[in-house]
There are 2 protein chains.
Amino acid sequence: MSPMHARDDQHLAVLLQQFSQATDRYIEFTGAQFGTHRTDMNALAIIVNFERSGTLPSAKDLSAELHLSAPATTAMLDRLARFDLIERERSTLDRRVVLIRPTTDARTMGKRMFGPLAKKMMEVSQNYSAQELELLARFLSEAIVGVDEAREEFVASSPRN
Amino acid sequence: MSPMHARDDQHLAVLLQQFSQATDRYIEFTGAQFGTHRTDMNALAIIVNFERSGTLPSAKDLSAELHLSAPATTAMLDRLARFDLIERERSTLDRRVVLIRPTTDARTMGKRMFGPLAKKMMEVSQNYSAQELELLARFLSEAIVGVDEAREEFVASSPRN
DNA sequence: TTGAGATAGTTCGACGATGGAAGTATTTTC
DNA sequence: GAAAATACTTCCATCGTCGAACTATCTCAA
């Protein structure tokens, strides 16, 4: 591996970190406009994604995806409900299960919040050919798997004190 | 734009979102091993980056980069000091200014926390040629600028209630 | 069929991160 | 030299989060 190549690797790692921080800032700033917290916005994105797949998440699903405790999940859902962004429904299959349905307001708000970001990403993507976009998608897929593997290995190799 | 191309754009946006969430999880999980909070870890990364450039950040620098209020910044620095990760120094040029110096422990801990992640990213990068890495770097640079532009435009077009 | 054990979600109370106001120390401006 | 501005800390209140306890419901074994 040439010195130039090694520097490209490190440069890429820094850029990936900066990208992650940039999206962090986007979520915090846009959420602040609506008086919501970052967790609420992340949850809403997950709920809307579930709906897109034709299913509704349970409180337990959200707790798992967000890595929140059950009480924290309840409080988060209370906040979303207070903003009329979700409705709780008892599952008919298992009365213990609470299913979460996004309201029309939620979809409108999601568009308001993430629309400008999505539009910008589309603009950036238009500078690239189909082949290049496929390369980018492949890299990101591998990077995502890599991050989660690094996390799992870290946790496995460092027992909690 | 062909239908296939449009789908690649959207697929890429979802992957970017998933990458951002994956690094979020990495920071929270690894920080939990050390009993620290995500803000503390982000701050430490910034402090170490400053040192790498040969300068020390002030409390005001950190407040600006982390978008924290002055009291929250003080509390965060108190936590880092409690873990012996930083030392406060009064600037000789302006006695109002507090400069933040990372300790040896901070560098060790940074390596422990971010080393596995950096290694994984290097492994992923090794699957690509120098030309491809340059393409990736260019895309990420543009994506970062795009996210920040989207944020600034959103804030400018939505006055705070 | 019945009771014990397990599961899903909520309530309660405590902890800790965060921010506005107020305060202290220092520098800049007029 | 005094007032205004700047940098950071302290104080106090708000709010997100979690462990324990609780309520409701389902599953399983006797």
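Proteins come first, then strands; the chains are lettered A, B, ... in the order of their sequence lines, and each starts at number 1.
Between the CG atom of A/D78 and the P atom of C/dG9 there is a distance of 13 Å, rounded to whole Å. Remark: P of D/dC8 and CG of B/L62 are 9 Å apart, rounded to the nearest angstrom. Between B/M76 atom CE and C/dG16 atom P there is a gap of 18 Å when expressed in whole angstrom units. The separation between B/I86 atom CD1 and D/dC8 atom P is 12 Å, rounded to whole Å. To the nearest angstrom, P of D/dT10 lies 12 Å from CG of B/L77. In this structure, NE2 of A/H37 is placed 9 Å from C1' of D/dC15, rounded to the nearest angstrom.
The residues A/E28 and A/R38 are annotated as salt-bridged, a charged nitrogen and a carboxylate oxygen being separated by less than 4.0 angstrom. Between B/K120 and A/E153 there is a salt bridge, with a side-chain nitrogen of the basic residue lying less than 4.0 Å from a carboxylate oxygen of the acidic one.
Position along DNA chain C of the nearest nucleotide to A/A75 versus A/D94 favours A/D94 as the more 5'-ward residue. Mapping A/R90 and A/R82 onto DNA chain D via the closest heavy atom, the residue that lands nearer the 5' end is A/R82.
Interatomic distance, A/L133 CG to B/L15 CG, rounded to the nearest 0.5 Å: 11.0 Å.
A sub-4.0 Å separation between OP1 or OP2 of D/dT17 and a side-chain N or O of A/R79 is present. Considering only side-chain N and O atoms, A/T39 lies under 4.0 angstrom from the phosphate OP1 or OP2 of D/dT17. Side-chain N/O atoms of B/R88 include one lying less than 4.0 angstrom from OP1 or OP2 on D/dT9. Not one side-chain nitrogen or oxygen of A/R95 sits closer than 4.0 Å to the OP1 or OP2 atom of D/dT23.
As judged by a 4.0 angstrom heavy-atom cut-off over every strand, B/A70 is placed among the base-contacting residues. At a threshold of 4.0 angstrom between heavy atoms, the contacts of B/L68 are confined to the sugar-phosphate backbone, with no base atom among them. Within 4.0 Å (heavy atoms only), B/S63 reaches no atom of the nucleic acid at all.
Nearest nucleotide to the A/R96 side chain, out of C/dT11, C/dT7, D/dC8: C/dT7. The side chain of A/V97 sits closest to C/dA8 out of C/dA8, D/dA7, C/dT18. When distances are taken from the side chain of A/V98 to each of C/dG9, C/dA17, D/dC8, the shortest belongs to C/dG9.
For the pair B/R151 and A/F29, the cation-pi test (distance below 6.0 Å, angle within 45°) is passed.
Aromatic ring pairs are classed by plane angle as parallel below 30°, tilted from 30° to 60° and perpendicular above 60°; the pair A/F19 and B/F19 is tilted.
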